[in-house]
Amino acid sequence: MANSSSLFIRVIKLFIVLQLLCIYSLCANGCFTSIISFGDSLADTGNLKLLTSKQNQKPLHFFFPPYGQNFFHKPTGRCSNGRLIIDFIAEGTRLPLVRPFVTEKGSRMIGMRRGINYAVAGATALDSSFHAANGVQNPMTNSSLGVQLGWFKRSLPSLCAINVRDCKHFLGNSLVLMGEIGGNDYNHALLAGKSIDDIKSYVPLVIEAIISAVNELIDIGAKTLIIPGNLPIGCSAVYLTNYYGSQTVNYDNSTGCIMQLNEFSEYHNEQLKIALDQVRQLHPDINVIYADYYNAAMQFYMSPVKYGFTNGALRACCGGGGPFNYDASIACSDLSSSVCVHPNTYANWDGLHLTEAAYKVIYKSLFQGKYTTPQFNSVCASSMMQKRDRISSSM
Ligand SMILES: *[C@@H]1O[C@H](CO)[C@@H](O)[C@H](O)[C@H]1NC(C)=O
Ligand SMILES: *[C@@H]1O[C@H](CO)[C@@H](O)[C@H](O)[C@H]1NC(C)=O
């Protein structure tokens with residue numbers, strides 16, 4: 001009895017030492033021990049699907065095949081045919097795929113210290129009440145950034161139960177992914193008939209919501225945060241279809257994208273970058289990383305074939321027909337929709353969202369390339385992914 005209990009104590013001691021090694025960043029890839037994510041459909045790994053089924057609401061089209069077909073081989077609630085940028089980040093940092101915060105009925109939250117995702121497809125940066133007051137109903141969810149942050153704070157006791165210092169350590173060693181968020185504040189309003197000038201007035205409020213979430217996380221202990229900007233929405237099949245044949249928009253000859261909408265995305269991104277500079281000045285010891293989704297994606301809109309998108313970057317792989325294979329009344333996965341044979345040859349998956357192949361290009365440009373400021377590589381110099389790439393590129 002005495003022997004087995006002293007062995008037990010030794011095992012516990014070893015376990016504690018291993019845990020400490022992990023806390024002090026010697027496990028995983030040597031950079032982060034966890035990923036904490038907020039956002040919308042660009043990062044949702046299942047929250048809206050689980051929420052909808054828990055609340056017995058009508059399932060959305062992206063809960064059905066062919067969503068997920070090319071990697072998970074079943075729909076997971078991700079708005080793509082496979083992995084999202086956040087999944088590639090998890091793989092690249094040697095962490096498990098980031099699990100949704102919402103759990104299935106009756107199941108417990110386990111293993112979430114290694115990553116937890118609060119992103120909900122359709123979510124806005126501003127609360128639904130703001131949009132409702134402006135006459136725009138969110139068709140999918142009321143789980144705005146504020147709601148997600150509330151979930152996070154309420155789950156802190158189960159994430160880092162020991163004490164306040166433990167929470168500081170936990171957050172300090174986590175990679176916080178703040179977004180993309182804000183895209184839907186504009187999307188829902190534009191699709192409800194608001195003009196670009198109308199939504200321009202939202203920009204300062206959206207930026208303020210993002211920055212306030214960033215500041216709150218820094219106050220709790222976050223040390224590395226990635227804040228993505230908006231994608232070039234003028235290249236999305238949804239808007240290309242919406243404005244098709246209209247004389248009110250101009251097209252960029254080199255991409256075929258709608259200039260006014262892309263200029264709007266750039267405007268949002270410029271404002272976000274200015275606000276992030278202010279955060280950096282206040283917190284010089286914190287890694288505040290801007291992720292340039294816009295220009296990372298612009299690479300394949302400019303030269304689709306170079307990235308393998310031999311069917312172009314604008315036409316959706318899955319949809320209900322029309323010049324861009326997008327029809328607002330026939331969603332991808334509806335009976336009368338069709339899916340392309342080779343999704344890797346398309347950048348656009350379902351009109352609004354991108355294919356796994358396109359998300360992979362964006363991921364590589366950000367985390368192994370130069371589309372993050374400061375460069376992620378300099379913050380996380382010992383990334384295994386990077387080492388492996390250096391080896392393969394030197395051969
Ligand atoms: C959002 O909240 C409003 C007001 O409480 C409610 O009427 C609406 O059904 C909610 N929408 C969703 C998608 O849950
Ligand atoms: C785009 O192409 C049209 C038609 O070929 C031309 O009239 C226009 O000047 C071009 N615009 C730019 C910005 O190059």
Side-chain angles (χ1 to χ4, degrees), residues 37-64 67-68 75-80 84 86 99-107 109 116-155 178-194 198-199 201-202 205-206 208-210 212-213 216 230-231 233 236 238-239 242 320 326-334 337 349-353:
S37 154
F38 303 87
D40 57 25
S41 58
L42 293 194
D44 186 352
T45 52
N47 280 316
L48 187 59
K49 186 170 189 277
L50 290 159
L51 271 177
T52 305
S53 98
K54 266 190 167 169
Q55 296 167 353
N56 295 316
Q57 285 164 342
K58 189 173 167 280
L60 292 150
H61 65 91
F62 56 88
F63 304 164
F64 296 96
Y67 283 86
T76 60
R78 285 172 177 80
C79 293
S80 186
L84 310 176
I86 185 174
R99 60 176 61 230
F101 160 74
V102 180
T103 50
E104 278 180 63
K105 261 184 201 158
S107 84
M109 291 197 283
I116 185 155
N117 191 356
Y118 300 88
V120 181
T124 50
L126 298 169
D127 281 343
S128 293
S129 56
F130 168 87
H131 290 292
N134 283 283
V136 180
Q137 297 297 333
N138 189 325
M140 282 192 265
T141 182
N142 288 328
S143 307
S144 63
L145 180 55
V147 172
Q148 294 175 25
L149 211 59
W151 289 344
F152 168 69
K153 284 189 272 186
R154 258 177 285 145
S155 53
M178 176 49 68
E180 174 277 334
I181 187 80
N184 287 327
D185 294 74
Y186 312 130
N187 286 335
H188 295 326
L190 282 170
L191 297 174
K194 300 263 184 206
D198 290 335
I199 59 167
S201 68
Y202 296 180
L205 304 170
V206 168
E208 194 182 293
I210 298 171
S212 123
E216 206 165 330
N230 204 350
L231 285 165
I233 60 170
S236 128
V238 171
Y239 292 109
N242 244 23
Y326 175 80
D327 182 331
S329 60
I330 306 170
C332 171
S333 87
D334 284 0
S337 73
W349 167 243
D350 64 1
L352 192 59
H353 305 105

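One-based numbering, in listed order, for ligands and for the atoms of each.
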Between the side chains of [X] and [Y], does any donor sit under 3.5 Å from an acceptor?
X: N184; Y: T124; result: no
X: H61; Y: D334; result: no
X: T76; Y: R78; result: yes

**Message:** Run the disulfide bond (SG atoms under 2.5 Å apart) test against C332 and tell me which residues pass, sequence neighbours left out.
**Reply:**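 Applying disulfide bond (SG atoms under 2.5 Å apart) to C332 gives C318.
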**Message:** Donor-acceptor pair, distance only, cut-off 3.5 Å: does the side chain of N47 make one with the backbone of V102?
**Reply:** yes
**Asked** Would a distance-only check, ignoring hydrogens and angles, find a side-chain to backbone donor-acceptor pair under 3.5 Å from D350 to L352?
**Response** yes
What are the atom names and distances for all N or O pairs under 3.5 Å between ligand 1 and the protein?
from     : atom 1 : to   : atom 2 : distance (Å)
ligand 1 : 2 (O)  : N142 : ND2    : 2.2
ligand 1 : 11 (N) : N142 : ND2    : 3.0

